[in-house]
Structures are given as C-alpha cells and as structure tokens.
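Protein chains get the first letters and strands the later ones, always in sequence-line order, with residue 1 at the start of each.
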Amino acid sequence: MNKDNPPLSTNFIQNIINEDLKNGKNDGRVHTRFPPEPNGYLHIGHAKAICLNFGLAIANKGLCNLRFDDTNPSKEDIEYVESIQADVKWLGFDWEDRLFYASDYFDKLYEFTLGLIKSGNAYVCDLSAQEIREYRGTLTEPGKDSPYRNRSIEENLDLFQRMREGEFPDGSRVLRAKIDMASPNLNMRDPVLYRILRSTHHRTGDNWCIYPMYDYAHPISDALESITHSICTLEFADHRPLYDWVLDKVDYSGDAKGRPQQIEFARLNLSHTVMSKRKLRELVMEGYVDGWDDPRMPTISGLRRRGYTPESIRDFCDRIGVAKRDSVVDIALLEHCIREQLNQHAPRVMAVLRPLRVIIDNYPEDQVEWLEAENNPENPSMGSRQIPFSREIFIEQEDFMENPPKKFFRLSPGGEIRLKSAYIIKCEEVVKDENGAIIELHCSYDPDSRSGGATSGRKIKGTSHWVSAQHAIKAKVRLYDHLFTSEDPDDCEEEGADYKSQLNPDSLRVLDDCRVEPSLAAAEPGSRFQFLRQGYFCADAIDSQEGHLVFNRIVSLRDTWAKIQKENRSNQ
RNA sequence: AGCCGGAUGGUGUAGUGGUAGCACGACUGACUCUGGAUCAGUUCGCCAGGGUUCGAAUCCUUGUCCGGCUGCCA
C-alpha cells in the first residue's frame, strides 16, 4: 500500500460487494436504494444510511435510488416526502431520474399476488387481529394453523379480489403467506401480506382499500428496481428468510434483472441525544424543543439550522464506519467534524457576548482608526478587513477579573492585555456601582503597540477580542449545548423516569445584549463565522435579518481555560 | 426459554493464520497577537477457559455477557 493512495475506507458490506464483483454476480452491477417511509423527518441516523447507500453506489460505479416506502397511508404524508427529498439533496446526493415509490408498484404487486394464490402460497384468513396473535404462538411455543389455511385456490382468489373491490370492512380479513406456523422464526408463521385499510393515500388516493405489508412490498420493490444490495438495519435480520421466500415464490424475472440480497448493519446511536422517531416526535409535540428543525435536534433539518454543513456530516458518516455491532458514537466526533471544516472555511470576526465597557483615557476623544484584521489565519487567501478602534470599547466580562487566580492570562487591575489586531491596554481603574458590581474599566493604551507596526513586538501573554462601542452592532446570540445531560438518555436510574428526565436545562441560553463588529451588519442568513475565541456561529436562516441579527452557536472552540477552571473548582 | 446477531483501548472502527493499526477523546510538552489552530509525544485494547498450529484477534470447542424478534408498523 502506498502513502499517496491510502486505502479507501472499508467495511463488511464493501467486502461483500468486492466478492460479488469478483464472482460476476448481477453482471457486475451495484445498485442500492435509500427507502425511507415518509412518516417523519430524517435524522443523523438516516444520514448514515444515505451516505452508505449512495456512497457504495458511487464507490462502485453503480446507482442508488430514492424510494419512498409508502405502504401505510394512515401514517404517511406528503409533507414528509418533500422534507426527505430536500434533506437528501442538501446532504449532496443525487438520485437523478430514479425517484420511486413503493406505491408505484401496487398494480404489479396485486398481479404477483394473484400468482402467489394460484400457486398455493397465500390464503385469505378471516381470523381477527387478536386471534391471529393467539394462533401465532410464542417465542418458545409453535403456533397453530389458521382454520382458513386450507381454503381452495378458487375461494382464495375470489375472496382476495373481493377484498380489493371493497366488499369487506377494514380488518375483517387479511391475505397471508402459507409458510410454516411452527417455524422458530415468528416472521415465517404465515405472515400477513395484505390488510384491508380504508385510508386515502397521498399518491394513489382512494384507488385502493388493501395495502401490502412491508415484508411483502419491500423485496418486490427491490427486485423491480433491479437492486443488487438491499441494505437495512439489524432488526430486519429476522425478516431476511421472509425476504428470500418472497423472492423465491414471486416470478419477477420478466420485469427485472438479477436478484437482490438483503444485508443488515447497525443503526447509528449518538451520545447525549435520542434517535427514535417516536421520541423526537414527542420532544416536538410536547414543546421540549421548538420544532423539527430546532437547532438542538439531531434531525437533518435541525443540524442544518444549527449551522452544520453537508460536508461535515458526510465526513462524520465516513468516520463512524459501518459494522454489525450496536454502538454509541460520541457526539464529540460530530463536533470535531464541523470544527475541522469551519476552521478552514469560516471567516473570523469579533463579537462580545457579555459586554464590559472599557474607556481608554489616553486615547483621543474623537479619534477613530480603521485597523486591518485577517479574515482567517488558516487560509490567507480569505484576505483581511478593516475594523474600527476608538476610545470606548467593549470586552468580554469574562476577560477581566479583579482578583485573578493563577494562570489567568487576561485583564486585571494594573495588568495588561493585547487587544487582537489593535493595541495593548493596561487596566488603571475599576468602576463599580453601589452594589459592588463592575460597571466599567478605565484603561490606558500603549501607542507603540499597534498591531502590524514596527514597534508592536512587545510580548503579552493574553489576547482578547473587543468591539468599538460606537460602531458595534447589537445582536442576539443563542448558545446551544447537548440536548441531554447524560450520554444515554434512556439509561435512567430512577424508577418510572424516562429519557425526558435527562433533558439538559441549559441546552439553550439566549444572550440578548451582544455586540458584534460592524462588518456583520448585513450577515447573510445561514452564513457561518468564527467568533474569535468563542466558537463557530451561524446567522439563523429564519430569524436573522439586517437590523435584527440572531446567531446560533454551532459549536464552541476548544477551551483550555474552561478546563482549568473546572479542575480548580473540583479541587476546592 | 426458542431463533437470529454481536463481543478489539474511554468511544468508534481496521486487521480474515505471521510485529494489533487508524480516528475521536484524555494527558504532556512546543508554538501562538484566538488559552483557537498547528506540531511533537504519552496513556489505554483482542470477553473467558480449553483445543488445533512453529505461530491464533482470526480456525475449532465450551461458557459468559449484550442486542433483536411474539403489529393487520416500517
């Protein structure tokens, strides 16, 4: 292996594909699909599946389809099919002309089903849902045959056609596969193939009152699209024998090429958040967050609003790998991915989150200097900008301490600090109100210390960001933190407590009185910046506008001082 | 209990009979007009027992632990 061509990241699915390619399986085609059910918003776990399926196709010069698994109209909605398409596109993947719906195949499916009945592999069952459950047996005991199992082919055909015609009420009958009621795999105990369900479908309207089940529709949809590798999550492994049974019994060879193979991988779990659709929905519906796109949500739309880039999410999906074992990925890895990208691309800018007024007494009263500041030291091609300096400025409250502990390299009485891209100042006087709270600082500046000047070389340990008081623009800043305090919100000690008891009360802090440098006045909604020494921030795509700036913190910068403080506190 | 999966540093993931690697995190140090970034380094691992073999994370075997499965959801 040579250093200039590192091996492509590999995983067990790619290994299977390599083997298939070597053996000439499916004529050397690789064709995958991403098959969401349009019943909710996509989250970072779906991003893993999307990157996997589209990524495998790209890596192997194959194709990947987008297919909506829309076989249950009672739960699905056009709102979701639209958001899902937007999210997949935003992530950077292209299904070209291959946008499909399982509902596209309802006619074909019906036709196949007639054949299945004729070959004696399916029957209409009149048992109620409750009875079917009872007849199914348990994990340890075999089930027993339905009394309707041995109906004649003619009767089954007649009944099934009448189900389709709407002669029977919802739930009164189902079509079942005739497999084996004693199978140790419950999925093989004559699973339901079709149910009667009067519900308007978002695509087929009221054309149908019977709808196929996932286990039946999915293998056939895969086959009809000539999918070669049908990738799904672990919990479907028990369904694979049924998937193969359907493919064995249905003759789709006239409509497609090859034969799909189901392969299961472990879904993504992320620390400090939840991933199930049910729980995410609950957080939205019960008002714990402000919607599906709340920047604290692990949804694609939430991450997008927070300020994550598609590149950083794809990078994350590459790094987490693909395997069959359950795992929990540390959310720090996701944060690393966005930091790494934004470090290269985000312009630096100065913003004071909690302002403290500083008056520089020896600086001329009406003078304004425009100083040059580099936009990104990591990327000189991003150039520089001019920022105003004047007699009154704001610095961060945190950057001043009256009685500083050791290792506090910032401003304190009599101490000096470098103002980034400007001058060194010295604290001469602390002004307090009647309650002893610090109102403002009086400082002096060293005129020889101007950044970039010939005499600016004096070394000062600390450097702070600042804004000119008369030029600064007010802004609102939303500081986001992990949605849950515990790594695994589902793992709660107390009896009766659930994941919601682990919600982080400080997952959102709003700062209304921040001051940002004037270059941000017309910050484009959605644009990203590094607020020097603070973190990466994104002008909110919805709430931010000129005259009313709102920034979301995407992720903080690594903060060594915060760590030292934390240690000091725990040592006391 | 029956069936199906799975166990490699703190976390995730490679390695498929020949020196256990990579990434994130943590920790040290260097550097720094961002306590950022960068650079250098350190720490830490094959679930357990038995077997095959010159040699086992890898093959066999026994056991332990963990996950999934009893919707007319997907």
Side-chain angles (χ1 to χ4, degrees), chain A residues 6-7 9-11 15 35-37 39 69 71-72 74-76 125 127-129 132-134 136-143 170-176 183-189 191-197 211 213-215 217-218 232-241 264 266 271 277 318-330 332-337 339-340 343-344 348 350 374 376-378 407-410 418-422 424 449 451-452 456-465 487 530-535 556-564:
Chain A
S9 71
T10 191
N11 59 63
N15 292 345
E37 184 189 14
N39 71 343
D69 222 327
T71 56
N72 186 358
S74 67
K75 292 188 174 177
E76 295 153 10
C125 182
L127 255 26
S128 69
I132 287 183
R133 205 171 304 131
E134 286 161 10
R136 187 154 35 224
T138 68
L139 292 177
T140 48
E141 302 154 26
D170 286 11
S172 60
R173 284 178 229 260
V174 292
L175 183 79
R176 291 228 252 169
S183 171
N185 182 343
L186 295 266
N187 296 114
M188 299 298 272
R189 319 243 259 229
V192 171
L193 265 24
Y194 267 97
R195 75 283 214 182
I196 302 172
L197 180 62
Y211 291 95
M213 301 290 288
Y214 165 87
D215 280 318
H218 206 86
C232 62
T233 44
L234 250 30
E235 69 270 24
F236 292 101
D238 289 332
H239 297 239
R240 193 174 56 233
E264 310 87 18
S271 69
K277 278 187 190 174
D318 276 346
R319 291 177 189 240
I320 58 178
V322 180
K324 295 192 73 163
R325 102 180 79 154
D326 296 305
S327 58
V328 182
V329 174
D330 193 333
L333 181 59
L334 215 211
E335 295 171 346
H336 167 81
C337 292
R339 277 196 193 102
E340 186 173 80
N343 182 42
Q344 289 303 316
R348 272 58 172 171
M350 292 205 272
E374 56 190 345
N376 188 340
E378 302 296 318
K407 291 188 182 173
F408 182 83
F409 306 140
R410 304 181 186 180
R418 154 76 62 187
L419 296 176
K420 176 73 180 173
S421 302
I424 293 170
S449 64
S451 291
S456 71
R458 195 150 67 87
K459 295 290 179 198
I460 292 290
K461 187 69 181 172
T463 300
S464 282
H465 56 282
E487 281 182 29
Q530 184 196 96
F531 287 2
L532 223 64
R533 305 206 303 136
Q534 302 278 2
S556 66
L557 247 27
R558 277 187 57 214
D559 188 346
T560 310
W561 172 242
K563 204 173 286 179
I564 293 170

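Remark: the separation of the P atoms in B:G10 and B:C47 is 12 Å, to the nearest Å. Rounded to the nearest Å, the gap between the P atom of B:G21 and that of B:G5 is 31 Å. Across B:U53 and B:U42, the matching P atoms stand 39 Å from one another, rounded to whole Å. The separation of B:A57 from B:A74, taken at their C1' atoms, amounts to 37 Å, rounded to a whole angstrom. Spacing of C1' atoms, B:G51 relative to B:A14, comes out at 28 Å, to the nearest Å. Using C1' as the reference atom, B:C66 and B:U8 are 16 Å apart when rounded to the nearest Å. On the P atoms, B:G36 is 12 Å away from B:A26, given to the nearest whole Å. Rounded to the nearest Å, the gap between the P atom of B:C59 and that of B:G18 is 12 Å.
Among the atoms of the strands shown, base atoms are found under 4.0 Å from some heavy atom of A:Arg410. Note on A:Leu532: a base of the nucleic acid sits closer than 4.0 angstrom, heavy atoms only. Among the atoms of the strands shown, only primed sugar atoms or phosphate atoms (P, OP1, OP2) are found under 4.0 Å from some heavy atom of A:Thr560. Within the nucleic acid shown, A:Phe408 comes within 4.0 Å of at least one base atom, counting heavy atoms only. Counting non-hydrogen atoms under 4.0 angstrom, A:Pro142 reaches nothing in the nucleic acid. Using a 4.0 Å heavy-atom criterion, one finds that A:Arg418 contacts the bases of the nucleic acid, with or without backbone contacts as well. Within the nucleic acid shown, A:Ile460 has no heavy atom closer than 4.0 Å to any nucleic acid atom. Nucleic acid contact for A:Gly452: base, since at least one base atom lies under 4.0 Å from a heavy atom of the residue. A:Gln530 comes within 4.0 angstrom of a base, heavy atoms only.
Proximity of A:Val328 to A:Glu487: side-chain heavy atoms (C-beta onward) are nowhere separated by under 4.5 Å. Within the 4.5 Å cutoff, side-chain heavy atoms of A:Asn185 are placed close to those of A:Pro241. Residues A:Glu264 and A:Lys324 form a side-chain contact, since some pair of their non-hydrogen atoms from C-beta on lies under 4.5 Å apart. For the pair A:Lys420/A:Arg533, no side-chain contact is recorded, criterion being any heavy-atom separation below 4.5 Å from C-beta on.
Base orientation for B:G71: syn, the chi torsion being within 90° of 0.
A sub-4.0 Å separation between OP1 or OP2 of B:U34 and a side-chain N or O of A:His465 is absent. Between A:Lys563 and B:C27, a side-chain N or O to OP1/OP2 separation shorter than 4.0 Å is present. Side-chain N/O atoms of A:Arg325 include none lying less than 4.0 angstrom from OP1 or OP2 on B:G67. Contact between the side-chain N/O atoms of A:Arg558 and the OP1/OP2 oxygens of B:G35 is not found at any separation under 4.0 Å.
Across the interface with RNA chain B, nearest-nucleotide mapping of A:Lys407 and A:Asn15 shows A:Asn15 to be the residue nearer the 5′ end. When each of A:Leu333 and A:Ala562 is assigned the nucleotide of RNA chain B with its nearest heavy atom, A:Leu333 is the one assigned upstream, toward the 5' end.
Rounded to whole Å, the distance from CZ on A:Phe409 to P on B:C33 is 14 Å. Rounded to an integer number of Å, the gap from NZ of A:Lys461 to C1' of B:A30 is 11 Å. In this structure, A:Asp559 places its CG atom 14 Å from C1' of B:A37, rounding to the nearest Å. The interatomic distance linking A:Asn343 (CG) with B:G36 (P) rounds to 12 Å, in whole Å. To the nearest angstrom, P of B:G12 lies 9 Å from CG of A:Asp330. Going from atom CD of A:Glu487 over to atom C1' of B:G12 covers 13 Å, rounded to whole Å. Between the CG atom of A:Asn376 and the P atom of B:U38 there is a distance of 12 Å, rounded to whole Å. Between A:Lys324 atom NZ and B:U8 atom C1' the separation is 18 Å, expressed in whole Å.
When the nucleotides B:A14, B:G67, B:C33 are ranked by their closest atom to the side chain of A:Thr463, B:C33 comes out on top.
Applying the Watson-Crick and G-U wobble criteria (two distances, each under 3.5 Å), B:A56 pairs with nothing in any strand. Pairing for B:U16 is absent, judged as Watson-Crick or G-U wobble with the two contacts each under 3.5 Å. Pairing for B:U64 goes to B:A7, judged as Watson-Crick or G-U wobble with the two contacts each under 3.5 Å. Of all nucleotides present, only B:A26 satisfies the Watson-Crick or G-U wobble test against B:U42, with each distance under 3.5 Å. In a base pair of the Watson-Crick type (N1 to N3 plus N6-O4 or O6-N4) or a G-U wobble (N1-O2 and O6-N3), with each distance short of 3.5 Å, B:C31 is matched with no nucleotide. Under the Watson-Crick or G-U wobble criterion, with both distances below 3.5 Å, B:A37 has no partner in any strand shown. Across all strands shown, B:C72 remains unpaired; no Watson-Crick or G-U wobble contact has both distances below 3.5 Å.
Distance alone, capped at 3.5 Å, is enough to place a donor-acceptor pair between the A:Arg339 side chain and the A:Ser556 backbone. Side chain of A:Asp326 to backbone of A:Ala266: no donor-acceptor contact under 3.5 angstrom is found. Distance alone, capped at 3.5 Å, is enough to place a donor-acceptor pair between the A:Arg189 side chain and the A:Ser183 backbone. Under the 3.5 Å distance criterion, the side-chain polar atoms of A:Ser456 are left unmatched by any main-chain donor or acceptor of A:Ser449. Counting only distance, with no hydrogens or angles, the side chain of A:Glu141 and the backbone of A:Gly137 share no donor-acceptor pair below 3.5 Å.
With hydrogens and angles ignored, no donor-acceptor pair closer than 3.5 Å exists between the side chain of A:Glu378 and the base of B:U38. Between the side chain of A:Arg348 and the base of B:U34, at least one donor-acceptor pair of N or O atoms lies under 3.5 Å.
Taking all atoms of both residues into account, the shortest heavy-atom contact from A:Arg410 to A:Trp561 is NH2-CD1, 3.1 Å.
The aromatic rings of A:His239 and A:Tyr214 sit perpendicular, their planes meeting at an angle over 60°, well past the 30° parallel limit.
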| request: Encode nucleotides 69-74 of chain B as B, S and - characters from 5' to 3', where the letter depends on protein heavy atoms closer than 4.0 Å: B to the base, S only to sugar-phosphate, - to neither. | output: BBSBSB

